[in-house]
Amino acid sequence: MRLVSTAELKNRTNEVLRTAQAGEPIIITRHGRPVASLMGLAGGDLAGLPDRAAAARAPSGGYAYSAFVLPFGTFYVAFGPLGPAFARIAASPGAFERDAARYLGTLVRRSAPPGWLARAVREAVGARRVFGGPVDLSRAGPFEREVLAALRRIPAGQVRTYGEIARAVGQPGAARAVGTACARNPVPLLVPCHRVVRSDGGLGGYSLIGGVGLKRRLLESEGALPNPPRPQEAGRAR
DNA sequence: TGTATGACGATAT
DNA sequence: CATATCGCCATAC
């Protein structure tokens, strides 16, 4: 990972882009604070994406989706010109297609996973890096978008409370609404809503298939839980 | 425009 | 410590 200031970005654009293309994640900083990231794209990565002309011709048509078999289920991701737009763990392609069509307002067709998407899923699930790639949040409201943006700033291995996110987006009293926004996250895992927990130490909810059990599993695999449950000693006191 | 609904939080019991 | 209650706030209808 490399940190690049706005000045560097402007004055050494080509070098920065070359670095990104080489596969090293670039974090853009402003006033010393990370504000955005660049993800390299290899040739052919965009093969599954509709081109600009196609998008203009059919503004609401043309989402593709790919399936990824993960340890806890099959993860489906629908993507358009702006990036991943809808993702779910689903029991079958048909179930995902139905949910995706309802959310996106258009049919989705299956496609081989573009390289950038496979990498994004790998990074998001393996939690080896923060997935900072593009995400299509155009159907989310302004508050929801801010919340989701805040979630993306939570490093793997860490958690935040719903209240902390509320304060982070300037609505200190909106913890509950943050929960609602998380529940409506169109791209779970890619936007890590599982890293938000309750202020009382509870995990809170998780609406993906798998429920809080999956949420716990994800957080454990990221090393975010201080005391992984040890079944053998569960309940034992002193 | 009003009303109902949550992946919440603090407090009381 | 678990449950109940009430306040909160952005959405969906």
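Reminder, nothing fancy here: chain letters follow the sequence lines and each chain counts from 1.
Rounding to the nearest 0.5 angstrom, the gap separating the CG atom in A:Asn185 from the OG atom in A:Ser207 is 8.5 Å.
Listed by chain and number, the residues in a ring pair (Phe, Tyr, Trp, His ring centres under 6.0 Å) with A:Tyr76 are A:Phe96 (sequence neighbours excluded). Scanning for side chain to side chain contact (heavy atoms under 4.5 Å, CB included) contacts around A:Ala150 gives A:Arg153, A:Ile165, A:Val169, with sequence neighbours left out. With sequence neighbours excluded, the residues forming a side chain to side chain contact (heavy atoms under 4.5 Å, CB included) with A:Ala87 are A:Phe75, A:Val77, A:Val187, A:Pro188, listed by chain and number. A search for side chain to side chain contact (heavy atoms under 4.5 Å, CB included) contacts involving A:Ala118 returns A:Phe68, A:Arg122, not counting sequence neighbours. In this view, A:Ala175 and A:Tyr162 satisfy the side chain to side chain contact (heavy atoms under 4.5 Å, CB included) rule, not counting sequence neighbours. Partners of A:Phe72 under the ring pair (Phe, Tyr, Trp, His ring centres under 6.0 Å) rule, at least two apart in sequence or in another chain, do not exist in this structure.
Partner of A:His194 under the side-chain hydrogen bond (donor to acceptor under 3.5 Å, both in side chains) criterion, out of A:Lys215, A:Arg217, A:Glu222, A:Arg216: A:Glu222 alone.
In the region residues 196-205 of chain A, proximity to DNA chain B at under 4.0 angstrom, judged on heavy atoms, holds for A:Arg198, A:Ser199, A:Gly205.
Between A:Arg176 and A:Phe143, the residue anchored nearer the 5' end of DNA chain C, judged by the nucleotide with its closest heavy atom, is A:Arg176.
Within the structure, the salt bridge (charged side-chain N to carboxylate O under 4.0 Å, His left out) test picks out the following pairs touching residues 88-107 of chain A (sequence neighbours left out): A:Asp99-A:Arg102. Note on residues 159-187 of chain A: pairs passing salt bridge (charged side-chain N to carboxylate O under 4.0 Å, His left out), not counting sequence neighbours, are A:Glu144-A:Arg184.
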Secondary structure string for DNA chain C (Watson-Crick or G-U under 3.5 angstrom, | for other-strand pairs): .||||||.|||||

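Protein chain A contacts DNA chain B over a range whose 5' and 3' limits, counting nucleotides with an atom under 4.0 angstrom from a non-hydrogen atom, are B:dG6 to B:dA10. Between chain A and DNA chain C, the heavy-atom contact criterion of under 4.0 Å yields a 5' to 3' nucleotide range of C:dG7 to C:dA12.
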Steps toward side chain to side chain contact (heavy atoms under 4.5 Å, CB included) verdict (A:Tyr65, A:Arg109): CA-CA 6 Å; A:Tyr65 78 90; A:Arg109 61 183 172 77; 5.7 Å; no

